Amino acid sequence: MSLNKNILGLIFANMHEDVIPELTRQRTMGSVLFGGRYRMIDFVLSSMTNSGVDEVGVVTKSNYQSLLDHLGSGREWDMARKIGGLHLLPPFSNVTSGMYRGRLEALYGISDFIKASAADYVIMSDCDVITGFDYDAIFEAHVKSGADITAVYARSALDLDAAAHSNVFGIDGDGRVTSVLIDPRISGECNVALNTYVISKSLLMKIISEGAAQGHYSFAKTILQDRCSEFKIIGYEHKSYFSKITSIKSYYDANMAILSTENRKALFRDDNPIYTKIRDNPPAKLAIGAKVRNSLIADGCIIEGTVENSVLFRGARVAKGSVVRNSIVMQDTVIGKNCTLDSVITDKVVKITEGKVLTGSSNYPIYIGKGAQI
Amino acid sequence: MFINLFCNERMKYKNMYTKKECVAMLLAGGQGSRLYALTQDMAKPAVPYGGKYRIIDFPLSNCVNSGIDTVGVLTQYQPLVLNDYIGNGQPWDLDKQYGGAHCLPPYQTALGAEWYKGTANAIYQNIAFVDRYSPEYVIILSGDHIYKMDYNDMLQFHKDKGADATIAVLDVPLDEASRFGIMITDDNGNIVDFEEKPKQPRSTLASMGIYVFTWAKLRQYLIDNENNPDEDKDFGKAIIPNMMNAGEKLVAYAFDGYWKDVGTLDSLWEANMDILNPNIPIDLYDPDWKMYSRNPVLPPQYFGENANVENSMVAEGCIIDGDIDFSVIFEGVTIEKGAKVTDSIIMPGSVIKEGAVVEYAIVGENSIVEKNARIGARPETVENRDDWGIAVVGHNQVITEGQKVGPKDMVPDIRKK
């Protein structure tokens, strides 16, 4: 099935960074850490690998040092290939001065790359959705329906905040997208766009050059919204587990959600392993006196204190007498003796010295920036 | 003038790409018969150790950390798991254009085919491999030991002493010396005599099975050894005594770090427990001497609402909801609510179900211990200490509900065969 599918994958690493400005200050959306040992891009990129999409371009814009470091040659995703494989696409300055304003303009910047690909179809995804996409099934549906564009969505209850950072589709009885709301002020159950599209390469190239000629830059606005009666845009409902990041609160909730074994099993399916960069850490060590409940404790962690309802990334340390609750502790953070952390997000390599007490709240977790010492 | 320069440049280029100062040859064909059920389907170097490693990760990582980038891995017994594991050597940075890791199984030649008849014969059969790199020195390693060692220091020692062979030795307690090959040295550290497992040891310097040889010398001794049908094809039994008798310079290189032969079930169990003991110097968390391994693709380890885990190591992909104390839990293991695992080693992919108790035991890969089964027992619960020992469940076994596997028992028990 997955032989010669003839699909080019495009991943937009910088899109939606504005929803979590704290975490993307020094990195792309794609390189935001998630779930104890992952970066956001791992989910879409692994899904592409597992669906046999073996030619992938990663479109970047700014702050992509951490992304380059993470992806390297793409070997961990089986994407270090002679034929196809991973291509990193930094901004191409003489076309859009490097700083594209939207997906359409970004596509224009990489149009030579798309043109050079032998693929007949293009799948586009962003890095703000944590899920295992079944690109096989999405592609099959696209071919079967004869759609110009297949747009992936999920039925989900949005609050005002989440809706303000989402696109919402109106879909008729035949599955056709008839209206598109961009960042609407609504709430309730609706068809949320998961920012994943399938389109033929020829149509995409046409759209790109038209868009460039007319000075358009937004794919959602000028293609999906303005031309949804002209193009046959068919919705594809994604029914498996997902979380979409729309704010620091939703980022926090998405991490906490995978403490549920049921959610974890839905996200980390046997048929869709999630690959990530190898760090060669030893296993997690729980020392004498450690007490760990309902938590993810990644490789290289050394725990001497108490950890509850938390996600600890690789190489984190919790010293004796410290209590970490309802928190996200990122890579190589060191928590000294007798500290108490509740509802805190510490970024990478944070150092919390002895005896500190930090308390946020679950609807407003405290964020501590990369490399900070407290 | 121009032509001369060009020739020199070309020679330099040729030199750079045809020569390695030191090549490592790693003897990984051993069966490890005293690990019984654990080595029924895999060679001893492939046996899991330390929560996410296999024994062979230690010599391989030592090589890379010592700057040795050309390693021949000699395989023979049950090589499937080991060959798969080593692959192209990438996890150890040993996927090189020139050099790198190479699995070297026995092969057929125009003269016929034969198995590796001993450690020396295994190297003899691969003289052509070593010659490709024209090394000055060869380091012979085995895939049976857990230790961290800078081979470069040993190589430097070999050069400084102007030795023909250097043997790494460990000072062991006198009462244990008769388990090892013992080196007798003079005041200058020259080896003057050698005894294999002596009843009355004359020294406490035990050979660690790590040798540095000047390749030209070793090469000749290997050929002579092969041509002498009466000799054992073994380093300890033939090559070392032959070199000594011929008056070559053999020196002992003293090593004082942690080193453990994991050749028996007891020593494998102990070596795993050692990494849980902060007073034993085998620090796997040392960023300056990382141990590399082939990593599984699994989500992070999860500890549930009912988990009670102390003094233990737990690897990726584990789901832990039971009680664990003083244990090493490998990747992808599930320990259900109400299960108790103490002083034990649970290898990759195994499941310990509700109410099961595992004490002083080794459970192999992908085995299932059903509800309320009991594996092993604490030593103090057994009247006669001779009846006590580590309980072992092999790979891919199922222990049925309520089944008891007593201390010192083994499933399947291949000792009787």
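Computed from a predicted model, the values in this text were never measured in an experiment. Chain A is the first sequence line, chain B the second, and so forth, proteins listed ahead of strands; every chain is numbered from 1.
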Quiz prompt | Salt-bridge criterion met for A:Asp299 and A:Arg314 (N-O under 4.0 Å) | solution = no
Self-check item: Check ion pair B:Lys353-B:Glu370 (N to O, under 4.0 angstrom)
Solution: yes
Quiz item: Looking only at heavy atoms, which of residues 325-352 of chain A get nearer than 4.5 Å to chain B?
Solution: none
Quiz item: Taking NZ, NE, NH1 and NH2 as the nitrogens, is one of them in A:Arg37 or A:Asp42 under 4.0 Å from a carboxylate oxygen of the other?
Solution: no
Self-check item: Contact class of B:Ile275 relative to chain A, heavy atoms under 4.5 angstrom
Solution: backbone
Quiz prompt | Contact class of B:Lys290 relative to chain A, heavy atoms under 4.5 angstrom | solution = side chain
Quiz prompt | Salt-bridge contact A:Lys239-A:Asp134 (side-chain N to carboxylate O under 4.0 Å) | solution = no
Quiz item: Should we count NZ of B:Lys337 as having more than 12 external heavy atoms under 6.0 Å?
Solution: no
Self-check item: A:Tyr252/A:Tyr367 aromatic ring centres below 6.0 Å
Solution: no
Quiz item: Any chance CD of A:Glu262 has more than 12 other-residue heavy atoms, nucleotides or ligands included, within less than 6.0 Å?
Solution: no
Quiz item: Would A:Lys277 and A:Asp69 count as a salt bridge (Lys or Arg N to Asp or Glu O under 4.0 Å) if you check the C-alpha gap in whole Å, the side-chain angles of each, and the deciding distance to 0.1 Å?
Solution: CA-CA 9 Å; A:Lys277 188 184 173 185; A:Asp69 178 57; 3.5 Å; yes
Quiz item: To the nearest 0.5 Å, what is the distance between CG (B:Asp325) and OG (B:Ser312)?
Solution: 6.0 Å
Quiz prompt | A:Arg264 NZ/CZ over B:Tyr302 ring centroid, <6.0 Å and within 45° of normal | solution = yes
Quiz item: Between A:Phe43 and A:Phe133, is any pair of side-chain heavy atoms under 4.5 Å apart?
Solution: no
Practice problem: State whether B:Tyr85 and B:Arg54 meet the cation-pi test: NZ (Lys) or CZ (Arg) under 6.0 Å from the six-membered ring centroid, and within 45° of the perpendicular axis. | Solution: yes
Quiz prompt | Partner chain A: residue of B:Ile324, B:Asn295, B:Leu276 with the largest heavy-atom pair count (under 4.5 Å) | solution = B:Asn295
Quiz item: Under a 4.5 Å heavy-atom cutoff, which of B:Ser293, B:Pro287, B:Gly304, B:Pro300 has the most pairs with chain A?
Solution: B:Pro300
Quiz prompt | Interchain contact, B:Leu298 with chain A, by part (heavy-atom threshold 4.5 Å) | solution = backbone
Quiz item: Which residue out of B:Gly51, B:Cys318, B:Pro299, B:Gly50 racks up the most heavy-atom pairs below 4.5 Å with chain A?
Solution: B:Pro299
Self-check item: Region of B:Tyr53 that comes under 4.5 Å of a non-hydrogen atom in chain A
Solution: side chain
Quiz item: Hey, which residues of residues 278-292 of chain A are touching chain B, say heavy atoms under 4.5 Å apart?
Solution: A:Ile278, A:Arg279, A:Asp280, A:Asn281, A:Pro282, A:Pro283, A:Ala284, A:Lys285, A:Leu286, A:Ala287, A:Ile288, A:Gly289, A:Ala290, A:Val292
